[in-house]
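Data block below; observations after.
Below, chain A is the first sequence line, B the second, and so on; all start at residue 1. Predicted, not measured: the structure shown is a model, and the values here were computed from it.
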Amino acid sequence: MKKMIAVLKASKDLFLVQSAAILLYRRMSTISILKLDGLRKLPLSTQTFAPYSELQKQKILESHIVSILHGCTTLNQLKQVHAHIYCKGLDQCCYVVTKLIRMLIKMDVPVHWYPHLVFRQVKNPNPFLWTVLIWGYGVQGPFSESVHLYSCMRKKGVGPVSFTFSALFKACGAVLDACLGSQVHAQTILIGGFASDLYVGNTMIDMYVKCGLLDCGRKVFDEMAERDVISWTELIAAYTRSGDMKSAGDLFDGLPIKDMVAWTAMVNGYSQNAMPKKALEFFERMQDAGIAIDEVTLAGVISACAQLGASNHANWIRDIAESSRFRPANNVVVGSALIDMYSKCGNVEEAYKVFLSMKERNVFSYSSMIVGFAMHGLAHEAIKLFFDMLKTEVKPNHVTFVGVLSACSHVGMVDQGRQLFSVMEKCYGVVPTADHYACMADLLGRAGYLEEALKIVETMPMKPNGAVWGALLGASLIHKNPDVAEITASHLFELEPDSIGNYILLCKTYASVGRWDDVSRVRKLMRGRKLKKDPGCSWVEVKNGIIQEFLAGDATHPQTREIREALEDLVERLKATGYQPNMGSVPYDVSDEEKKRILMTHSEKLALAYGLLNTAAGSIIKIMKNLRICEDCHSVMCGASKITERKIVVRDNMRFHHFIEGVCSCGNFW
DNA sequence: TTAGGGTTAG
């Protein structure tokens, strides 16, 4: 650096010095301006200006100041440069002032304060200067100010530039005002020339999409004279967000040059739409195409692996992340995604290791870890982490509270949950949403306070959603309360008429108290609505990361006989320790013998037997299930963990159960 | 000036 300055100082060529200085300022953005002061003064000396006209000197000065502005990293530096701008008599130069305002806004200085003040001091603002302010309000709000400024600008007879419309669309998108957006759209056509501008088109697509008018966005796209990869990607992402992967895929196929962002939009689209296998397939195609990846790609793929819940996928993507530039310890996005993934793959210990290794943690990292602990029934750990978080600068958000409340719910910590719920808004500024009421309904309901839960639901300030009533219905089954179940189910059948799970919960609740007539009435209702029960389905991980799937009653596996024998043998040994089949887990009015037979074909039992046969002695057995584990299977898992001396981890659709030496981490409370 | 983003519940 010193050498370079010496060479530059010795140089007589002003343009050489100038361009080198600009390069230096841009590249060494962290170097304080003062350090480079000697260099900054150099080209401004009277001597070196000699061969240039006044106008040229002015232009050089302007571009010089702008390059210094670009190098600023703190507000103080900007203030210093601002003072310098005054000294040099450039405070009326729109070009320089525009750049100053832009930098101020980028540093989150409130637009209405410093930037707007600087703007007011310019006597004849040009369109760019007007626009940068419009853009500033479009970024920070109040967004109405963007529109107001635009009309002021027009009243003063200043014509817009294309950036003016981009800025306006940004503001309309931010307030989801499609009506205003289409008025601005009309202006772009009326004034002429702007509607065909690439930037304007792209921001217009973005605005329509944000306002939920995907078709309008598509129309703009179809009519654009010129498109770039950004136009395509905007629309692809919009389709993925709306769940239309078909249209997203069609567009993607037609995209002439696909860059990393476009590929990532597809990978993450599949991941967000619960198609994790497709996401991984696409990711591999992306890698085969030699496209680089970044933290956003990794986050999506990691989320897909989390959904699959299998250790082999987890280890595979962990290796990729570790060997990339975005290592979990150094990257808060990748780190947080990994915490979630390990929790969902049943390895909460590894999730916590990742959490501890992270140099920076944000609300995603904390919330993911809290939710992870909650999922595994580690409520005390979740709550401790929550209070640790409060000691940092990271503020809890609505997800963090869902995490702590569900942690309380999973272990029956009613008082702690009530306390947190009562202070979440007052002390932490998080306004309870329907999700939080669902957690409360779950917490109180599970713990047996069904009436109190019902009261909360009936008096909550917003309309209860499916999750809220669903929580109550689940609790009604646990506590065998068909009266509350009937009330909740009637709401659920309206809100979610096609959701089979609600009908089944109601049936099971009736069955639990022997009201078989009601059971058949609900079944008839289901048949009338053409609803079919989801078959129970379990997966078990065996050697080399192979995953075996079993449906309830499955007799298609080549090892079926061995599986059945192993299961019968296991149950016999369990009976010797006091186990009795739980007939209440079969919601059918059939004989006890038939109930026993049905119990033996539950998918998680088949998976367990297969796991025992096909994994090494002493290793952990990991099972995933699409539905909630039934009570009978739960007690079989408990017993099996003791007599086979195996740790068994079951992930059902609610949470994780860790069975160790005859005890489940859920404390039989799930 | 414009694109892709990780955590939530029955």
Side-chain angles (χ1 to χ4, degrees), chain A residues 102 128 131-132 134-136 138-139 161-170 173 197-207 209 228-238 240-241 259-269 271-272 294-303 306 331-341 343-344 362-372 374-375 397-403 405-406 409 433-442 445-446 465-475 477 488 492 496 499 501-502 505 628 653-655:
Chain A
R102 183 171 166 272
F128 293 99
T131 301
V132 79
I134 294 173
W135 170 76
V139 172
V161 289
S162 60
F163 177 23
T164 318
F165 291 110
S166 307
L168 284 170
F169 286 131
K170 197 176 187 82
D197 183 276
L198 180 61
Y199 277 131
V200 172
N202 283 351
T203 45
M204 213 189 301
I205 296 177
D206 189 55
M207 181 274 298
V209 163
D228 64 1
V229 66
I230 294 178
S231 339
W232 292 79
T233 310
E234 264 171 345
L235 214 54
I236 290 171
T240 69
R241 278 193 293 267
D259 69 358
M260 175 174 75
V261 179
W263 275 98
T264 303
M266 286 301 293
V267 171
N268 293 5
S271 172
Q272 286 155 7
D294 73 355
E295 53 175 354
V296 183
T297 328
L298 279 170
V301 182
I302 293 171
S303 164
N331 188 293
V332 70
V333 175
V334 175
S336 305
L338 272 187
I339 292 172
D340 173 60
M341 178 188 77
S343 305
K344 287 182 178 156
N362 63 12
V363 67
F364 283 89
S365 337
Y366 275 99
S367 304
S368 300
M369 197 62 244
I370 289 170
V371 169
M375 229 188 288
N397 67 10
H398 55 292
V399 181
T400 325
F401 275 98
V402 168
L405 292 176
S406 71
S409 166
T433 64
D435 292 338
H436 300 107
Y437 279 93
C439 290
M440 287 311 286
D442 190 48
R446 266 177 211 273
N465 60 15
V468 177
W469 289 119
L472 260 187
L473 182 56
L477 169 62
T488 57
L492 283 166
E496 305 171 341
S499 177
N502 299 327
L505 283 174
R628 181 176 179 274
N653 65 348
M654 310 281 288
R655 56 169 293 160

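For A/Arg628, there are no salt bridge (charged side-chain N to carboxylate O under 4.0 Å, His left out) partners, not counting sequence neighbours. With sequence neighbours excluded, no residue forms a side-chain hydrogen bond (donor to acceptor under 3.5 Å, both in side chains) with A/Ser166. Under the side-chain hydrogen bond (donor to acceptor under 3.5 Å, both in side chains) criterion, A/Thr433 pairs with A/His436, not counting sequence neighbours. Partners of A/Asp294 according to the side-chain hydrogen bond (donor to acceptor under 3.5 Å, both in side chains) rule, which considers only residues two or more places apart in sequence or in another chain, are A/Thr297. Remark: A/Asp228 pairs with A/Asn202, A/Ser231 by the side-chain hydrogen bond (donor to acceptor under 3.5 Å, both in side chains) rule, at least two apart or across chains.
Base engagement by A/Thr297 is indicated by at least one non-hydrogen atom pair under 4.0 Å involving a base atom. Within 4.0 Å (heavy atoms only), A/Leu492 reaches at least one base atom of the nucleic acid. Nucleic acid contact class of A/Arg655 (heavy atoms, under 4.0 Å, all strands): none. Residue contacts for A/Gln272: at a heavy-atom cut-off of 4.0 Å it reaches the sugar-phosphate backbone alone, with no base atom in range. A/Asp259 comes within 4.0 angstrom of a base, heavy atoms only. Counting non-hydrogen atoms under 4.0 angstrom, A/Val334 reaches nothing in the nucleic acid. A/Arg628 comes within 4.0 angstrom of nothing in the nucleic acid, heavy atoms only. Across all strands shown, A/Val399 has heavy atoms under 4.0 Å from base atoms, whether or not it also approaches the sugar-phosphate. Among the protein residues, A/Asp340 comes within range of the sugar-phosphate backbone only, with heavy atoms under 4.0 Å from sugar or phosphate atoms but none that close to a base. Within 4.0 Å of A/Ser336, counting heavy atoms only, lies at least one base atom of the nucleic acid. Across all strands shown, A/Gly466 has heavy atoms under 4.0 Å from base atoms, whether or not it also approaches the sugar-phosphate. Using a 4.0 Å heavy-atom distance criterion, A/Ala237 is classed as a sugar-phosphate-only contact. Contacts of A/Asp294 with the nucleic acid, taken as non-hydrogen atoms under 4.0 Å apart, include base atoms.
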Where do A/Asp340 and A/Ser343 land on the side chain to side chain donor-acceptor pair (under 3.5 Å) test, with the steps shown first?
-> CA-CA 5 Å; A/Asp340 173 60; A/Ser343 305; 5.8 Å; no
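Looking only at atom types and distance, the side chain of A/Asn268 has no donor-acceptor partner in the side chain of A/Ser271 under 3.5 Å away.
Between chain A and DNA chain B, the heavy-atom contact criterion of under 4.0 Å yields a 5' to 3' nucleotide range of B/dT1 to B/dG10.
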